[in-house]
2 protein chains.
Amino acid sequence: MPNLKSKITLKDIARELEVSISTVSKALKNSEEISRDTKEKIQAFARLYNYKPNNIAISLKNKRTKNIGVVIPDIVHHFFTTVIRGIEKYANAKGYNVIVCLSEESFDKEVINMEMLANGSIDGFIMSLSSETQAKGDYNHLREVTEQGIPVVLFDRITNEVECDKVVIDDQLGGYLATKKLVGQGKKKIALITTDDYLSVSKARTEGYKKALLESNLPVDESRILKLPTMDMDENKIRKFFNSQEIDAVMCVNEIFAVFSMRVALEQGFKIPEEISFIGFTNGLLSKYANPSLTVVAQHGERMGEISAQMLIDKVESENEEETFQTKILEPTLVVRDSTIN
Amino acid sequence: MPNLKSKITLKDIARELEVSISTVSKALKNSEEISRDTKEKIQAFARLYNYKPNNIAISLKNKRTKNIGVVIPDIVHHFFTTVIRGIEKYANAKGYNVIVCLSEESFDKEVINMEMLANGSIDGFIMSLSSETQAKGDYNHLREVTEQGIPVVLFDRITNEVECDKVVIDDQLGGYLATKKLVGQGKKKIALITTDDYLSVSKARTEGYKKALLESNLPVDESRILKLPTMDMDENKIRKFFNSQEIDAVMCVNEIFAVFSMRVALEQGFKIPEEISFIGFTNGLLSKYANPSLTVVAQHGERMGEISAQMLIDKVESENEEETFQTKILEPTLVVRDSTIN
DNA sequence: GTATATTACGAAAACGGTTTCGTGTTGATA
DNA sequence: TATCAACACGAAACCGTTTTCGTAATATAC
């Protein structure tokens, strides 16, 4: 550790000015208890030596850290970064810092991260479940935390098995809107590219997709549903999927699937959007700069982050004991670009 | 605040087991001073009631928070997210948490964030300067922090005016390599799309570009250099730029410029890469999924993050007083894709 | 002149740990 | 049996604040 011309403390000021620590503390808070003269002297001295109270000591005393723990599966996905930005924005305005932990889609990491933070480092959690956690269905780490009285806000990838505040977009509606949009353009053979079912969001989007088809009197054909792993998508699988089916539109549960499969379609000679249309989820850079640009269901990540932070901080700062939890559902919106007609 | 079945403390254990706090503390650390019997009793009790030491108290005592402050201009850019991931990975393995603050390219926010964290919340900073800070050239907030003995590691967007550890890629070499690659493909009229000069990285990349041209006996034509604002790129400007010049290759200082201008070129009927080649910086999702996929200079963000974290933690945990700073320069590498010939 | 209020400050506990040092008890040694 | 080391534990200081409560000194009231 380098040479610390370390920070000045209350004690230092007290010693230097020959008053007590309590007097210094009160003077710096402009307490009525202290005389004008003394206050001015102390404040001037503090300013001169650039006194700043030690956050850790204050945290210990108040049992409030003014830190928020954010645990998310991945940070490289555009959606999550926008959520973080939203959280940061609101939290910062309220004087809170954001501690970011990545579960990397691993259950164990999620647990470890939470334990690490739950021992006094943070006032509350904002989190989105890892896929492994959702697959496993084990939420004891969340319950332990909430039972300790640490507020938790779950966003996007949530579970009903934990009682806490939640923020989601209506993913089913998102899937529904997207599919309806395709139907409205005269598409009849609408495929779905999704992940495994255990991801709550994919499941809901799939439901919306099916609902829209049924409502439009179109058959739900399971062979038109392709499940892909999140990492390392297999180009051939998609190629075969496109070949074996007569497909005139595809809804994908994320940006990457959409952009990736669009390229495969282009390579196979399909015209987008005339012969085959595409809609994805997440209004990120990829969609915007893809070629053709991608029509998507926007998830409003930043708004989601702000709301999550607001719900959490409200709870953290609220006095009342009664536990009432709410689930906020945001409406997804369609951002129409060139991968769909007009 | 919800009902806290709040955490058990040393004091609680001591009271319950009728021993002193010191004994409990030592027993839980498996100290030789305490008898087997007592240790077992205490440890069993602690396990039963799931005792976890309070991080804040430990921080106050040790004057070590095990938190790292990361201040970056933006989190939605792929490069920065990969750096964060690298930092997180290394820091977590070492038992550190990562507090992320966004300056949003604003000098003031950068200063506020640093002040907020510098009062005991963190053991050190890892940061990349906001564009406003670089434009302004005011680094007093950094100096104040280092003078307090708080270690700082600057990465990517750095300055020579502050003495601290630094991690960068050789941006000049990156620009050089990219340009040479284009030259090697027989391109003679190589354009550059960049930002304003105050961004240290853009400047260096431009230098590399010029160096490569000169070395190849190609003229450096300033009219072939287009400066674009980071946000809201103007399509028409690019179109005019392409029209007014006879350009057979473009190097862009980031992914977005590259992908965006590629689309403009395609719309104008250019064939990529035969008639006009493109190279960008940052090996992100955009480059990978662009159409055509984009050849880029990879910045190895994750590695950069790991190294930054390592340098910082080394300094934080080092005992010796002598201040020696190093600058680590990573080599950029070319990732060749379809926007350049073969 | 005495009783009471007010002013201005300090002592000390508290937050939850760690760590140094002191000490009563035991057992071994001479 | 006196001496001493080893053992096992507790008291207390400390980290840097906040806050309650007590109290001397002064001012006010009667």
Side-chain angles (χ1 to χ4, degrees), chain A residues 1 4 6-43 45-46 49-67 116 118-123 148-149, chain B residues 1 4 6-43 45-46 49-67 95 118-123 148-149:
Chain A
M1 197 87 120
L4 16 158
S6 66
K7 304 215 65 124
I8 190 174
T9 69
L10 288 187
K11 196 195 274 188
D12 298 329
I13 302 182
R15 186 177 356 91
E16 223 54 40
L17 260 38
E18 298 184 304
V19 292
S20 76
I21 294 180
S22 354
T23 305
V24 178
S25 174
K26 289 168 189 165
L28 293 177
K29 300 191 113 60
N30 237 319
S31 157
E32 294 300 328
E33 256 182 284
I34 309 296
S35 71
R36 275 185 68 102
D37 283 4
T38 312
K39 275 198 283 194
E40 277 171 11
K41 193 176 60 176
I42 292 176
Q43 286 169 4
F45 189 91
Y49 285 93
N50 193 28
Y51 169 79
K52 294 277 166 53
N54 179 309
N55 283 334
I56 299 291
I58 293 178
S59 294
L60 181 58
K61 182 73 191 153
N62 303 348
K63 301 183 145 213
R64 285 282 171 79
T65 62
K66 288 249 172 187
N67 285 154
M116 207 163 158
N119 303 131
S121 298
I122 50 101
D123 295 340
Q148 272 172 40
Chain B
M1 194 89 119
L4 18 158
S6 66
K7 304 214 64 120
I8 189 174
T9 69
L10 286 188
K11 196 196 275 190
D12 299 330
I13 303 183
R15 188 178 353 90
E16 224 52 40
L17 261 37
E18 298 185 306
V19 291
S20 77
I21 294 181
S22 353
T23 303
V24 178
S25 173
K26 289 170 190 166
L28 292 178
K29 297 189 115 58
N30 237 319
S31 158
E32 294 299 326
E33 257 182 286
I34 308 298
S35 71
R36 275 184 69 102
D37 283 5
T38 313
K39 275 197 282 194
E40 277 170 10
K41 192 175 60 176
I42 293 176
Q43 286 170 5
F45 189 92
Y49 285 93
N50 192 27
Y51 169 79
K52 293 279 165 52
N54 180 309
N55 283 334
I56 299 291
I58 293 179
S59 294
L60 181 58
K61 179 69 193 168
N62 303 347
K63 303 185 144 212
R64 286 282 171 77
T65 61
K66 289 248 169 187
N67 286 155
N119 303 130
S121 299
I122 50 101
D123 294 340
Q148 273 172 38

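Letters go in sequence order (proteins before strands), and every chain restarts at 1.
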Classify B/Ser22 by what it touches in the nucleic acid, base, sugar-phosphate, or nothing, heavy-atom distance under 4.0 Å. base
Please classify the nucleic acid contact of B/Ser59 as base, sugar-phosphate, or nothing, using heavy-atom distances under 4.0 Å. nothing
Is the phosphate of C/dG17 approached by B/Tyr51 (side-chain N or O, under 4.0 Å from OP1 or OP2)? yes
Hey, does the side-chain of B/Lys26 have a donor or acceptor N/O within less than 3.5 Å of a partner on the base of C/dT20? yes
Please evaluate the base of C/dG16 for a donor-acceptor partner in the side chain of B/Lys7 within a cut-off of under 3.5 Å? no
Given C/dA13, is OP1 or OP2 found less than 4.0 Å from the side-chain N or O atoms of A/Lys61? no
Choose from C/dT18, D/dT20, D/dT18 the nucleotide whose nearest atom is closest to any side-chain atom of A/Ser25. D/dT18
Given C/dG17, D/dC21, D/dT17, identify the nucleotide with an atom nearest to the side chain of A/Ile58. D/dT17
Does a side-chain N or O of A/Lys11 approach OP1 or OP2 of D/dT17 to a distance below 4.0 Å, or not? no
Just to confirm, is there a sub-4.0 Å distance from OP1 or OP2 of D/dC9 to any side-chain nitrogen or oxygen of B/Thr23? no
Working to the nearest 0.5 Å, report the span between CD1 of B/Ile8 and NZ of B/Lys52. 12.0 Å
Describe the nucleic acid contact of B/Lys29 in one word from base, sugar-phosphate, nothing, applying a heavy-atom distance below 4.0 Å. sugar-phosphate
What nucleotide among D/dG16, D/dC9, C/dG17 has an atom nearest to a side-chain atom of B/Lys63? D/dG16
Pick the nucleotide of DNA chain D nearest each of A/Asn62 and B/Leu60; which residue has the one closer to the 5' end? B/Leu60
Applying a 4.0 Å non-hydrogen cut-off, can you work out what A/Ser35 is touching in the nucleic acid: base, sugar-phosphate, or nothing? sugar-phosphate
